[in-house]
Chemist: 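One structure, as structure tokens, below. Some questions next.
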Amino acid sequence: QVQLAESGGGLVQDGGSLRLSCATSERTFSRYAMGWFRQAPGKEREFVAAAWRYGVTDYSGSVKGRFTISRDNAKNTVYLQMNSLKPEDTAIYYCVAGSGGRTQGQYAYWGQGTQVTVSS
């Protein structure tokens, strides 16, 4: 059983910041790449960011320079620091674990999601 527990979502104003957290087991954290996807109403689920075990990270073009993904080995937790938030960032954000990459199929495990709303 792989569990991914997201937290940190909420309501912020345009230009604000928010940090999402995703807690996992040591087993999951050590075996898999971790990442974040998001889905806005009426839109397709899209890749946000990913972090592999050995320090490699990847970001979608829409968030690069504003978001930072990081892994805390002591806490078996992956974070998504989101700065300079825009209304178009409003979505449900999902923590994922898997082989890593930019496509949904590369992640076998998904969290329940946490809502991020950015008001204009």
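Numbers here simply count residues along the sequence, with the first being 1. Everything quoted here is computed from the prediction, not taken from an experiment.
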Chemist: Under 3.5 Å, side chain of Glu6 to main-chain N/O of Gly113, donor-acceptor pair present?
Modeler: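 Yes, Glu6 side chain to Gly113 backbone: donor-acceptor pair under 3.5 Å.
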Chemist: If I take atom CD from residue Glu26 and atom CZ from residue Arg31, how far apart are they, to the nearest 0.5 angstrom?
Modeler: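 Interatomic distance, Glu26 CD to Arg31 CZ, rounded to 0.5 Å: 9.5 Å.
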Chemist: Please list every donor-acceptor pair under 3.5 Å in which a side-chain atom of residues 13-23 meets a protein atom from a residue at least two apart or in another chain.
Modeler:
residue : atom : partner : partner atom : Å
Ser17   : OG   : Asn83   : OD1          : 2.9

Chemist: Tell me, do Thr77 and Phe29 make a side-chain contact under 4.5 Å, heavy atoms counted?
Modeler: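 Of all side-chain heavy-atom pairs linking Phe29 with Thr77, none is under 4.5 Å.
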Chemist: Between Tyr79 and Asp72, is any pair of side-chain heavy atoms under 4.5 Å apart?
Modeler: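 A side-chain contact exists here, since the closest heavy-atom pair is under 4.5 Å.
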Chemist: Look at atom CD of Glu88 and say whether more than 12 heavy atoms of other residues, nucleotides or ligands are closer to it than 6.0 Å.
Modeler: yes
Chemist: With side chains defined as the heavy atoms from C-beta onward, is the minimum distance between Met82 and Tyr93 less than 4.5 Å?
Modeler: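 Met82 reaches Tyr93 side chain to side chain.
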Chemist: If you define the side chain from C-beta out and look only at heavy atoms, does anything of Leu80 sit under 4.5 Å from Phe67?
Modeler: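 In contact.
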Chemist: Between Gln39 (side chain only) and Lys43 (backbone N and O only), is there a donor and an acceptor less than 3.5 Å apart?
Modeler: yes
Chemist: Would you indicate whether the side-chain heavy atoms of Arg38 and Ser62 approach each other to under 4.5 Å?
Modeler: yes
Chemist: Check side chain to side chain donor-acceptor pair (under 3.5 Å) between Arg102 and all other residues, then give those that pass, not counting sequence neighbours.
Modeler: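 Expected list: Asp58.
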Chemist: Under 4.5 Å between any side-chain heavy atoms of Ile69 and Trp36, yes or no?
Modeler: yes
Chemist: Taking the side chain as every heavy atom from C-beta outward, state whether Arg27 and Asn76 have any pair of such atoms under 4.5 Å apart.
Modeler: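 With C-beta onward as the side chain, the pair stays apart.
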Chemist: In sequence, state the C-alpha distance, the side-chain angles, and the governing distance for Cys95 and Val78, and then conclude on side-chain contact (heavy atoms from CB on, under 4.5 Å).
Modeler: CA-CA 9 Å; Cys95 178; Val78 62; 3.9 Å; yes
Chemist: Can you find a pair of side-chain heavy atoms, one from Thr24 and one from Met34, that are under 4.5 Å apart?
Modeler: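 When only atoms from C-beta onward are counted, Met34 and Thr24 do touch, with a gap below 4.5 Å.
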Chemist: Checking one residue: Trp110. Which other hydrophobic residues are in its cluster under the side-chain 4.5 Å linking rule?
Modeler: Phe37, Phe47, Ile92, Tyr94, Val96, Tyr107
Chemist: Does the side-chain contact (heavy atoms from CB on, under 4.5 Å) test come out yes or no for Tyr59 and Val48, once each step is laid out?
Modeler: CA-CA 6 Å; Tyr59 299 90; Val48 177; over 6 Å; no
